[in-house]
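This is a predicted model, so every value here is computed, not measured.
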Amino acid sequence: MKVVDGVPTVSNKHKSFPFQILGVVCTAHFINDVLQSLLLAIYPVLKGTFHLSFAQMGWLTLIHQMTTSLLQPMVGIYTDKHPKQYAMAFGLAITIIGICVLSVANSYDLLIIAAVLMAMGSSILHPIAAHAASLASGKRQGLAHSVFQVGGNIGTAIGPLFAAAIIVSHGQTSLIWFGLIAVLILPLLLKVGSWYKETQLFHTTKPPVINKVSGLPKRSVQIGLFILVLMIFSKFFYISSFTSYYTFYLIAKFQIPVALSQVYLFAFLFAVAIGILCGGPLGDKIGRKNLICLSILGAGPFTLMLPYASLFWTGILSVIIGFTISCAFPTIIAFAQELVPNKTGAVLGIMYGLAFGMGGVSAALLGELADHCGIIYVYSLCSFLPILGLFALRLPDLKNR
């Protein structure tokens with residue numbers, strides 16, 4: 001067993017360079033999140049086809065996100081002790097089955113089944129793939145989480161463009177082609193899975209690592225984790241208002257066509273992806289606590305201006321907000337790992353699970369609110385969420401790795 005740049009190479013059979021591993025994992029994350037985002041991106045199509053209310057769309061999102069939220073921590077905890085080499089490929093395969101069901105769904109019940117299948121696949125893939133990216137990156141954890149997450153967020157951003165260019169024109173059944181294309185990466189995931197299993201077994205046989213980063217008492221760790229969860233709530237509650245309802249907001253306020261609203265959604269989600277890519281390295285450089293404070297609080301002035309902006313400035317502000325508020329997430333994940341360094345899979349599963357769960361709950365609540373008070377009121381209310389970033393000032397101070 002040889003260690004290169006903090007990354008163990010386990011056998012001649014699996015001599016892949018760490019960044020080749022990271023590349024495959026990020027590509028799988030990209031493909032998975034393209035498929036996941038298509039469910040939300042085609043909401044305008046589904047609303048017209050099935051005559052759905054905002055509340056029904058919100059509940060569909062809640063079921064999708066809560067399934068992911070509940071399963072991911074369990075997958076992370078289980079695979080910490082029992083690494084499974086086929087888990088990543090298996091997870092993506094379930095997502096592919098879900099998108100195929102979505103392509104032929106002809107009732108609200110089938111939409112729910114498709115959403116659950118897609119969520120199950122994502123739940124299996126995310127914590128294991130994130131852990132594999134972490135192992136492949138050695139000591140560069142901020143970079144690892146940024147690169148891994150940006151793969152998924154670029155996928156999420158591109159989904160609305162696919163919806164505007166293909167699904168709006170060719171209908172719901174065209175979704176099946178996306179599933180068939182995703183099958184092509186499964187053989188590579190099987191190879192990475194073998195590397196991951198042997199590498200993870202190597203780590204689990206080593207003596208427990210002592211937390212030399214923080215040296216904090218248990219209560220400080222608990223307070224730190226609570227504040228990180230609050231930051232996830234603030235970020236994902238606000239982000240959910242965009243991923244689920246931004247197109248409806250633009251259509252209601254500015255009377256633009258569906259295809260154009262999808263382009264605006266792409267611009268926002270692409271800014272989110274760039275923010276995530278930059279957030280990890282920035283957190284490594286200026287300090288995790290500083291970055292989290294700047295990211296969440298820094299979005300506040302722009303979110304407060306958004307409900308009163310013209311269409312042009314709405315587009316500009318949404319890009320600024322997407323970039324700013326998203327810088328925090330890879331740093332939040334890295335911060336949580338430093339607070340609890342010996343349970344990487346569990347921490348990743350819980351934090352990603354919370355992120356999806358917050359998104360699902362907020363989509364359901366905001367859907368109900370939109371039905372009663374209007375979609376424009378929802379954005380006025382959500383504009384105050386970044387103020388919760390003030391609590392980040394109370395995070396414990398940690399030295400960077």
Side-chain angles (χ1 to χ4, degrees), residues 25-43 45-46 57-58 60-72 75 88-103 105 111-130 148-164 166-167 172 174-183 185-186 189 236 239-240 242-247 262 265-266 268-270 272-273 276 326 329 349 352-363:
V25 170
C26 290
T27 302
H29 192 199
F30 166 81
I31 291 172
N32 176 78
D33 283 25
V34 166
L35 300 182
Q36 301 293 329
S37 71
L38 289 174
L39 174 64
L40 299 176
I42 65 168
Y43 271 5
V45 175
L46 298 179
M57 290 185 293
L60 185 61
T61 304
L62 175 63
I63 292 168
H64 176 259
Q65 302 285 54
M66 285 305 295
T67 301
T68 304
S69 178
L70 294 173
L71 283 180
Q72 279 197 130
V75 172
M88 283 182 278
F90 180 66
L92 185 59
I94 294 178
T95 297
I96 292 169
I97 293 171
I99 202 75
C100 292
V101 173
L102 182 62
S103 71
L111 292 179
I112 291 174
I113 291 172
V116 169
L117 285 170
M118 294 169 68
M120 289 173 62
S122 186
S123 300
I124 296 169
L125 175 72
H126 264 107
I128 304 170
F148 174 73
Q149 289 170 34
V150 81
N153 278 270
I154 289 176
T156 300
I158 289 176
L161 288 185
F162 285 141
I166 298 174
I167 301 168
Q172 182 183 338
S174 61
L175 285 166
I176 196 168
W177 294 107
F178 294 95
L180 295 177
I181 292 171
V183 171
I185 198 174
L186 292 179
L189 276 181
F236 281 93
I239 292 286
S240 180
F242 274 79
T243 55
S244 296
Y245 303 114
Y246 187 42
T247 54
Q262 298 282 14
L265 178 58
F266 162 75
F268 170 78
L269 294 173
F270 188 77
V272 168
I276 285 177
S326 297
F329 191 53
Y352 279 106
L354 281 171
F356 281 101
M358 295 293 183
V361 170
S362 60

Could you walk me through whether M120 and T67 satisfy the side chain to side chain contact (heavy atoms under 4.5 Å, CB included) test, starting with their C-alpha distance in whole Å, then the side-chain angles of each, then the deciding distance to 0.1 Å, before giving a yes or no?
CA-CA 7 Å; M120 289 173 62; T67 301; 4.1 Å; yes
Test log, rule side chain to side chain contact (heavy atoms under 4.5 Å, CB included), inputs I166 and W177
CA-CA 10 Å; I166 298 174; W177 294 107; over 6 Å; no
Where do T95 and L117 land on the side chain to side chain contact (heavy atoms under 4.5 Å, CB included) test, with the steps shown first?
CA-CA 6 Å; T95 297; L117 285 170; over 6 Å; no
Determine whether L39 and L60 satisfy the following criterion, side chain to side chain contact (heavy atoms under 4.5 Å, CB included), listing intermediate values before the conclusion.
CA-CA 10 Å; L39 174 64; L60 185 61; 4.3 Å; yes
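Surrounding CZ of F90 are at most 12 heavy atoms belonging to other residues, nucleotides or ligands under 6.0 Å away. Heavy atoms of other residues, nucleotides or ligands lying less than 6.0 angstrom from CZ of F266 number more than 12.
The shortest heavy-atom contact between G179 and L35 is N-CD2, 4.3 Å.
To the nearest 0.5 Å, the span separating NE2 on H29 from CD on Q36 amounts to 9.0 Å. Here I97 contributes atom CD1 and I113 contributes atom CD1; the two are 13.0 Å apart, rounded to the nearest 0.5 Å. Between the CG atom of L186 and the CE atom of M88 there is a distance of 12.0 Å, given to the nearest 0.5 Å. Here the straight-line distance linking atom CD1 of I158 with atom OG of S37 works out to 9.0 Å at 0.5 Å rounding.
The backbone N or O of M118 lies less than 3.5 Å from no partner atom in the side chain of S122, so there is not a single donor-acceptor pair.
When the side-chain hydrogen bond (donor to acceptor under 3.5 Å, both in side chains) test is applied to T61, the partners found at least two apart in sequence or on another chain are Y43. Applying the side-chain hydrogen bond (donor to acceptor under 3.5 Å, both in side chains) test to S240 and every residue at least two apart in sequence or in another chain returns S362. Listed by chain and number, the residues in a side-chain contact (heavy atoms from CB on, under 4.5 Å) with I181 amount to none (sequence neighbours excluded). Every side-chain contact (heavy atoms from CB on, under 4.5 Å) that A163 has, sequence neighbours left out, goes to A41, I42, I167, Q262. Listed by chain and residue number, S318 satisfy the side-chain hydrogen bond (donor to acceptor under 3.5 Å, both in side chains) test with Y246 (two or more places apart in sequence, or in another chain). Listed by chain and residue number, nothing satisfies the side-chain hydrogen bond (donor to acceptor under 3.5 Å, both in side chains) test with T247 (two or more places apart in sequence, or in another chain).
Under the 30°/60° scheme for interplanar angles, the aromatic rings of F268 and F242 are found to lie parallel.
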